[in-house]
Amino acid sequence: MKYTIAVIPGDGIGPEVTNQAKKALDAIAEVYDHIFLYEEAQMGACAIEATGNPLPDETIKTCKNADAILFGAIGDPKYDKDPSAKVRPEQGLLKLRQTLGLFCNVRPVKAYDSLIKNSPLKREIIKGTDIAIFRELTGGIYFGKKEVSEDGKSAFDGCSYDVEEISRISHLAFKTAQTRRKKVTLVDKANVLETSRLWRKTVTEIAKQYKDVKLEFLFVDNAAMQLILNPKQFDVILTENLFGDIISDEASVIGGSIGLLASSSLGKRNALFEPIHGSFPQAKGKDIANPLASILSAAMMLEHLGLHEEADAIERAVEKSLLLGITTEDIKGKNKYPASTSKVGDFIADYISNQEDSNLNFKNIHMGQSTII
Ligand SMILES: NC(=O)C1=CN([C@@H]2O[C@H](COP(=O)(O)OP(=O)(O)OC[C@H]3O[C@@H](n4cnc5c(N)ncnc54)[C@H](O)[C@@H]3O)[C@@H](O)[C@H]2O)C=CC1
Ligand SMILES: CC(C)CC(=O)C(=O)O
Ligand SMILES: [Mg+2]
């Protein structure tokens with residue numbers, strides 16, 4: 001089959017990690033006889049430099065016409081250091097999510113057995129953790145009215161949600177829970193916020209349609225603590241935009257690194273796949289960033305396209321790389337011969353191409369010094 005994939009590499013490490021995801025997809029295309037047509041588009045700081053606009057119309061058009069969108073990351077210190085900048089890379093991403101109506105951001109978090117021994121968290125606490133975070137992506141405070149007073153001495157960010165915005169993601173969260181361990185935890189701040197009280201009321205009503213799913217509530221401050229103390233209590237976490245953004249970065253510690261966490265952003269017509277991390281500018285051009293979150297985002301994209309076997313093939317390759325220690329320094333540490341970004345990508349692609357060959361000798365897979373089997 002032929003698929004058109006809009007690719008938005010973005011800024012910082014975005015292009016490097018997206019290139020590795022494309023290597024994995026190219027290997028899949030070869031093994032499973034597909035054609036992936038990549039249509040590259042600009043967004044973020046690079047788009048501001050080139051056009052003055054963080055989300056050019058051309059990018060929106062490319063995304064709308066594609067079967068799926070693969071995105072790297074945006075963001076640049078030039079804008080982070082300048083609070084008065086009126087045009088910012090992040091506006092591009094927010095506008096794309098809003099324009100395409102990508103309201104449901106799914107962020108899976110799992111503890112890989114092969115990484116648990118190196119975790120700062122206790123083995124018995126994280127072993128077996130498997131959480132799906134459902135983060136609302138086009139509402140809440142990120143999209144509310146913003147104001148700065150004329151004298152610059154006060155600022156305002158409004159947060160609003162309506163029943164429809166809460167309902168559509170909640171149904172997806174409950175349906176997913178039905179295929180998993182049948183539990184949804186709504187994370188909110190309903191002891192303080194009106195928007196959170198609307199979430200509780202709406203989700204409680206919706207839960208009546210999913211009687212086989214248990215619904216629990218946690219305040220976000222407690223949820224942040226519970227994630228570290230007892231992450232196995234969670235199956236599906238359902239939450240609003242800001243809370244989901246924050247607790248998913250926290251939850252990535254359970255997974256071993258933020259460089260491992262992939263996500264899908266789903267709308268009615270379009271779907272975008274991206275790592276949860278940002279543009280990690282300190283690593284730009286150094287070939288040290290972990291590409292696995294981007295590669296696993298490509299796997300989520302294949303799953304979305306109905307290519308289940310192909311998605312599994314990528315996941316198996318990722319698990320193998322973790323098992324063999326063919327990993328970047330965020331997982332391995334700087335002093336233990338970490339593999340570079342591109343070497344990890346090469347390994348994943350080679351493994352996909354050759355995994356049917358049970359006699360594959362991993363020592364020969366272009367890993368140079370990082371081959372330690
Ligand atoms: N979806 C997106 O495009 C996002 C963009 N950003 C933007 O990214 C820029 C940097 O933001 P930060 O807060 O520093 O977040 P970040 O996620 O880029 O980096 C935070 C830390 O996570 C680690 N990290 C991130 N990605 C990694 C990878 N692939 N491999 C290994 N380690 C990794 C690094 O230790 C890094 O210092 C900012 O301009 C921000 O606005 C931030 C979050 C999401
Ligand atoms: C860069 C922001 C717009 C959002 C963010 O941090 C995220 O989606 O993870
Ligand atoms: Mg974030």
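Positions are given from 1 along the sequence.
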| With a 4.5 Å limit on heavy-atom distance, are the side chains of Gln209 and His171 in contact? |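 Of all side-chain heavy-atom pairs linking His171 with Gln209, at least one is under 4.5 Å.
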Check: [X]/[Y] side-chain N/O donor and acceptor closer than 3.5 Å:
X	Y	answer
Ser265	Asn105	yes
Tyr161	Glu136	yes
Tyr38	Asp26	yes
Tyr142	Asp245	yes
Ser149	Asp151	yes
Asp330	Ser257	yes

Indicate yes or no for a side-chain donor-acceptor contact from [X] to the backbone of [Y] under 3.5 Å, with no hydrogens or angles considered.
X	Y	value
Asp162	Glu165	yes
Thr4	Ala66	no
Ser263	Arg107	no
Lys117	Ser114	yes
Lys320	Arg316	no
Lys183	Gln233	yes
Glu16	Gly285	yes
Thr59	Leu55	no
Asn290	Thr328	no

| request: Apply side-chain hydrogen bond (donor to acceptor under 3.5 Å, both in side chains) to Gln226 and Asn230, showing your working. | output: CA-CA 5 Å; Gln226 294 299 328; Asn230 179 16; 5.0 Å; no
| message | Does Asp130 form a salt bridge (charged side-chain N to carboxylate O under 4.0 Å, His left out) with Arg180? I'd like the steps, not just the answer. | response | CA-CA 10 Å; Asp130 176 9; Arg180 294 169 49 99; 3.4 Å; yes
Do NZ/NE/NH1/NH2 and the carboxylate oxygens of [X] and [Y] come within less than 4.0 Å?
X	Y	answer
Lys23	Asp346	yes
Lys78	Glu49	yes
Glu274	Arg97	yes
Glu194	Arg197	yes
Glu205	Lys208	yes

| query | Are Lys189 and Phe243 in a cation-pi setup, meaning NZ or CZ lies under 6.0 angstrom from the ring centre and within 45 degrees of the ring axis? | reply | no
| Between Phe36 and His34, how do the two ring planes meet: parallel, tilted or perpendicular, split at 30° and 60°? |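 Plane angle between 30° and 60°, so tilted.
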| Which pair of heavy atoms, one from Glu250 and one from Leu227, lies closest together, and at what distance? | OE1-CD1, 3.6 Å
